[in-house]
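In this text, all values refer to a predicted model and were calculated from it rather than measured experimentally.
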Amino acid sequence: MGTSSGSNIHNQPSSKMLPPRQQPRSGGLQTSLSLVTSDPMLSPDGQEPRSNSDNIRESPTESASSRETWPTADTVNGKKMENGKSEIDCPEQSVIRRVSSADKISLREIARERVDVVSEKMHRLPEEFLEELKNGLRAILECNGGSHQREEFLTLQRFVQGRSDLTAKTLIRAHRVQLEILVAINSGIQAFLHPNISLSQTSLIEVFVYKRCRNIACQTQLPADDCTCEICTHRNGFCNLCMCVICNKFDFEVNTCRWIGCDLCSHWTHTDCAIRDGQICMGPSAKSGACPSEMLFRCRACNRTSELLGWVKDVFQHCAPAWDREALMRELDFVSRIFRGSEDPRGRKLYWKCEELLEKMKGGLPESMACRGILLFFQELEVDSPKSLENGEAGRLIAPHEACNRIAEVVQEAIRKMEMVADEKMRMFKKARLSLDACDRELEDKAREVTELQMERTKKKQQIEELEKIVRLKQAEADMFQLKANEAKREAERLQRIALAKTDKSEEEYASSYLKLRLSEAEAEKQYLFEKIKLQESSRASQSGGGMNLHRC
C-alpha cells in the first residue's frame, strides 16, 4: 500500500512521494478494452489450472478491476515505438493472387501441426490471407458468436496447451503470424493480434513460455524483481508488478483504491478480490492506544498485514483533487466496502462519512465540496488520535522503566523503518539497473534488426534493379520482333500482289494460246473441208465426164 501515513514505513506522509500504485505512469494508461480471458493456466492457489469458462462467466457484481484490459491507442503506439520494429520506407510491389484450397491453412492446423511444417506453409501465403486468419481468431476471442465460438476457442487452447513440442527452441523457427496466433490462443489475450502492437519474436516466445509478463504495458522479465516467493516461483506467467495475487489478472487502473499493495513484499491485490476472499478483516493494531484492533489487509504472498486507514488517507490526499465526479463516487464506494465491517471507532467513522457523502452526491452535492469534506475528515482523524491517546493516559503516571521501554520501542521502530526504507531504495535501485540492462539489450536487438532490414532492403533494391534491366531487355526484344514482323507482313503483301499479277498474266496468255490453238484447228478443219469439197467436185466431174463418153459410144 505504499507509503501510507499509518503504514509501517513512515509516520507521516511525504508530499513528494505517492504510493506506488498511485504513481502517475507514462503514456496515460487507462482502462479501455476488456480482454476475453486471462491465462487459463494460472489459478489463485498456483496449483490447479483454471478453465477459461471460469474466467468468462464472472459475476456481474465484480468490479471492472477483475477483468484484464489493455491500453488505448496512445499507449499502444508508445509501446510500439519501444518494442516494435522501426518502419523503413521502401517500395513494395503488392502481388494479388488467389490461394488454392491445398495451400490454405486453418487455426486448428496452426494449433495442432508441427511448427516447421506450418511455418513453411505460411511463408507461401499472401499477407491478406494471414490477416484474415488473425481477424478470425480475434472474432473468436471476442465471443460475439456465442457458445459456438467459445467452444472453438477452448478446443484451440486445449490443442496448444496439450503439446509438449512448443518450446523456446522450436518456436524460433515459427512464422511471426503463427507465433502471434499461438500466444493469443495460449493466453486468451487478443491484444497480441492487434495491428498496432508489434512485439519482437523473442518477446513473443518468452510470453508463450511464461518468461515474460503477458501484460502489453508491463513486459517485465519473470519472475519480476527476481522475487523468490512461492507465488512468483510456482505460478506460470505471474508478475507481481501488475497482477493480482488472488485472481492473477491485470489492468491499468492507477490513482485508485481499487488496488491494495503490501507494505512489505510489494505484491498487489484487487480490493474486490481481497474483500471476497476475506483478506481484509479486523486485526491487532500495530500501535498502542485506545483502539486494540483496526482494519487490516493480509497479503497472500507474504501472509503479513498492513493497515488500511492510513493507506486510504494517503490515496485521497494525493489523488482525490484530480478525480471527476464518477471517480470520486466510485472510490468512496470502495472505501465504504472496505470499512463496512470495521469495529474500531475511526474505521466506523470513515465508513459513515463515505456513506453520508455518497448520499449527498447522489442528491446533487458538487464533487469539489465532497472532496473537501473527506479531506477535512482525514485531518480531523489525525487531530483526534493524539487527543484520545492523551485522554486515555493522562490519568496515570508512567513508571520510569515503562518510559524507557517505550523510548526503546520508538527507537527500534524508527530503526526498523529506516532499514525498510533502505531495503526499498536498494530494491528500486536494482530494479532500475535491471531495467537499464534490459533497455541496453533491447537497443542492441533493435540495432541488429535495423541492420538486417537495411541489408534486406539493399538486396530487394538490387533485385528490383535486375528485374527492371530484364524487363527493359525483353521490351527491346519485343520491339525488334515487332519490327521484323511488320517487315515480313509488308513483304508478304508485296509477294501476294506479284502472285496476283502473275496469275492474271498467266490467265491472259493461256486464253490467248487457247484461242490461237482453236483458230489453227479451225483453219485446219476449214482446209480439210475445202480439200474434201474439191475432191468431191472433182469426183463428180469425173463421173459426169465418163457418162457422157458412154453415151457417145
Next item on the list: State the NZ-CZ distance between Lys134 and Phe129, to the nearest 0.5 angstrom.
Entry: 13.5 Å
Item checked: Non-hydrogen side-chain atoms of Arg108 and Thr155 separated by less than 4.5 Å -> yes
Notebook entry, point to check: Can you name the residues that form a side chain to side chain contact (heavy atoms under 4.5 Å, CB included) with Lys362, not counting sequence neighbours?
Noted result: Met329, Glu359
Notebook entry, point to check: Quick one: side chain to side chain contact (heavy atoms under 4.5 Å, CB included) partners of Arg330, sequence neighbours excluded?
Noted result: Arg258, Glu326, Ala327, Phe334
Note to self: Show, in sequence, the C-alpha distance, side-chain angles and deciding distance for Thr256 and Cys319, and conclude whether the side chain to side chain contact (heavy atoms under 4.5 Å, CB included) test is met.
What the structure shows: CA-CA 8 Å; Thr256 178; Cys319 307; over 6 Å; no
Next item on the list: Report yes or no: does Arg304 contribute a side-chain atom to a donor-acceptor pair with the main-chain N or O of Leu264 at less than 3.5 Å?
Entry: no
Next item on the list: Apply side chain to side chain contact (heavy atoms under 4.5 Å, CB included) to Ser119 and Arg173, showing your working.
Entry: CA-CA 7 Å; Ser119 177; Arg173 299 194 295 268; 5.7 Å; no
Check: Can you name the closest pair of heavy atoms from Thr269 and Phe297 and give their distance?
Finding: OG1-CZ, 3.6 Å
Check: Between Glu109 and Val118, is there a donor-acceptor pair closer than 3.5 Å when you use the side chain of the first and the backbone of the second?
Finding: no
Note to self: Determine whether a donor-acceptor pair (N or O, by modelled atom type, separation under 3.5 Å) exists between the side chain of Gln190 and the backbone of Ile140.
What the structure shows: no
Notebook entry, point to check: Say you draw a straight line from SG of Cys302 to CD of Glu230; how long is it, rounded to the nearest 0.5 Å?
Noted result: 12.5 Å
Check: Would you find a donor on one side and an acceptor on the other, under 3.5 Å apart, between the side chain of Gln219 and the backbone of Arg214?
Finding: no
Next item on the list: For the pair His267 and Phe238, name the ring-plane relationship: parallel under 30°, tilted 30 to 60°, perpendicular over 60°.
Entry: parallel
Notebook entry, point to check: When rounded to the nearest 0.5 angstrom, what distance separates OG1 in Thr220 from CG in Leu241?
Noted result: 5.0 Å
Item checked: Nearest non-hydrogen partners of Met361 and Leu332, listed with the distance -> SD-CD1, 3.9 Å
Notebook entry, point to check: Is atom CD of Gln463 surrounded by more than 12 heavy atoms (other residues, nucleotides or ligands) closer than 6.0 Å?
Noted result: yes
Margin query: Show, in sequence, the C-alpha distance, side-chain angles and deciding distance for Arg441 and Asp445, and conclude whether the salt bridge (charged side-chain N to carboxylate O under 4.0 Å, His left out) test is met.
Written below: CA-CA 6 Å; Arg441 290 193 298 270; Asp445 293 340; over 6 Å; no
Notebook entry, point to check: Can you check whether Val115 reaches Ile172 side chain to side chain, under 4.5 Å on heavy atoms?
Noted result: no
Margin query: Return the SG to CZ distance between Cys262 and Arg300, rounded to the nearest 0.5 Å.
Written below: 13.5 Å
Note to self: For Leu182 and Leu171: C-alpha separation, side-chain torsions, deciding distance, then whether side chain to side chain contact (heavy atoms under 4.5 Å, CB included) applies.
What the structure shows: CA-CA 10 Å; Leu182 288 174; Leu171 290 174; 3.9 Å; yes
Margin query: Measuring from atom NZ of Lys353 to atom CD1 of Ile374, what distance do you get when rounded to the nearest 0.5 angstrom?
Written below: 7.0 Å
Next item on the list: For side chain to side chain contact (heavy atoms under 4.5 Å, CB included), just list the numbers for Phe192 and Ile216, CA-CA rounded to whole Å, side-chain angles, deciding distance to a tenth of an Å, and then say yes or no.
Entry: CA-CA 8 Å; Phe192 292 106; Ile216 299 296; 3.5 Å; yes
Next item on the list: Quick one: list whatever passes salt bridge (charged side-chain N to carboxylate O under 4.0 Å, His left out) with Asp116, sequence neighbours left out.
Entry: Arg114
Notebook entry, point to check: With sequence neighbours excluded, what pairs up with Arg298 under the side-chain hydrogen bond (donor to acceptor under 3.5 Å, both in side chains) test?
Noted result: none
Item checked: Evaluation steps, salt bridge (charged side-chain N to carboxylate O under 4.0 Å, His left out), between Arg176 and Glu180 -> CA-CA 6 Å; Arg176 177 173 181 81; Glu180 290 175 349; 3.3 Å; yes
Note to self: Under a 3.5 Å distance rule, please check whether Ser336 uses its side chain to pair with a backbone N or O of Cys354 as donor and acceptor.
What the structure shows: no
Checklist line | Derivation and outcome, salt bridge (charged side-chain N to carboxylate O under 4.0 Å, His left out), residues Lys446 and Glu449 | finding: CA-CA 5 Å; Lys446 297 304 177 187; Glu449 290 178 0; 3.8 Å; yes
Next item on the list: Could you tell me which non-hydrogen atom of Ile246 sits nearest to which non-hydrogen atom of Cys273, and how far apart they are?
Entry: CD1-O, 3.5 Å
Check: What about the rings of Phe250 and Trp259, do their centers lie closer together than 6.0 Å?
Finding: no
Check: Is there side-chain contact between Asn186 and Tyr210, with at least one heavy-atom pair below 4.5 Å?
Finding: yes
Note to self: Would you say that Ile280 contacts Phe339 through its side chain, given a criterion of any heavy-atom pair below 4.5 Å between the two side chains?
What the structure shows: no
Check: In chain order, what residues pass the side chain to side chain contact (heavy atoms under 4.5 Å, CB included) check against Glu120, with sequence neighbours excluded?
Finding: Arg124
Note to self: Within this structure, what is the CG-CG distance for the pair Leu308 and Leu296, rounded to the nearest 0.5 Å?
What the structure shows: 6.5 Å
Item checked: Lys211: partners by side chain to side chain contact (heavy atoms under 4.5 Å, CB included), with sequence neighbours left out -> Glu206, Val209
Item checked: Heavy atoms of other groups near Arg112 CZ, more than 12 under 6.0 Å -> no
Next item on the list: Taking the side chain as every heavy atom from C-beta outward, state whether Leu133 and Ile110 have any pair of such atoms under 4.5 Å apart.
Entry: yes
Item checked: Exercise: identify the closest heavy-atom pair between Arg163 and Asp165 -> NH2-OD2, 2.8 Å
Checklist line | Test item: Asn240 and Ile231 side chains (from C-beta on) under 4.5 Å apart, heavy atoms | finding: no
Next item on the list: Examine distances only and state if a side-chain atom of Ser187 and a backbone atom of Val183 form a donor-acceptor pair shorter than 3.5 Å.
Entry: yes
Next item on the list: For Ala370 and Leu357, work out which heavy atoms get closest and say how close.
Entry: O-CD1, 3.8 Å
Notebook entry, point to check: So, do Ile275 and Arg340 sit near enough that their side-chain heavy atoms are less than 4.5 Å apart?
Noted result: no
Notebook entry, point to check: Any side-chain heavy atom of Arg337 sitting closer than 4.5 Å to one from Asp333?
Noted result: yes
Check: Which pair of non-hydrogen atoms, one from Gly341 and one from Met295, has the smallest distance, and what is that distance?
Finding: C-CE, 3.6 Å
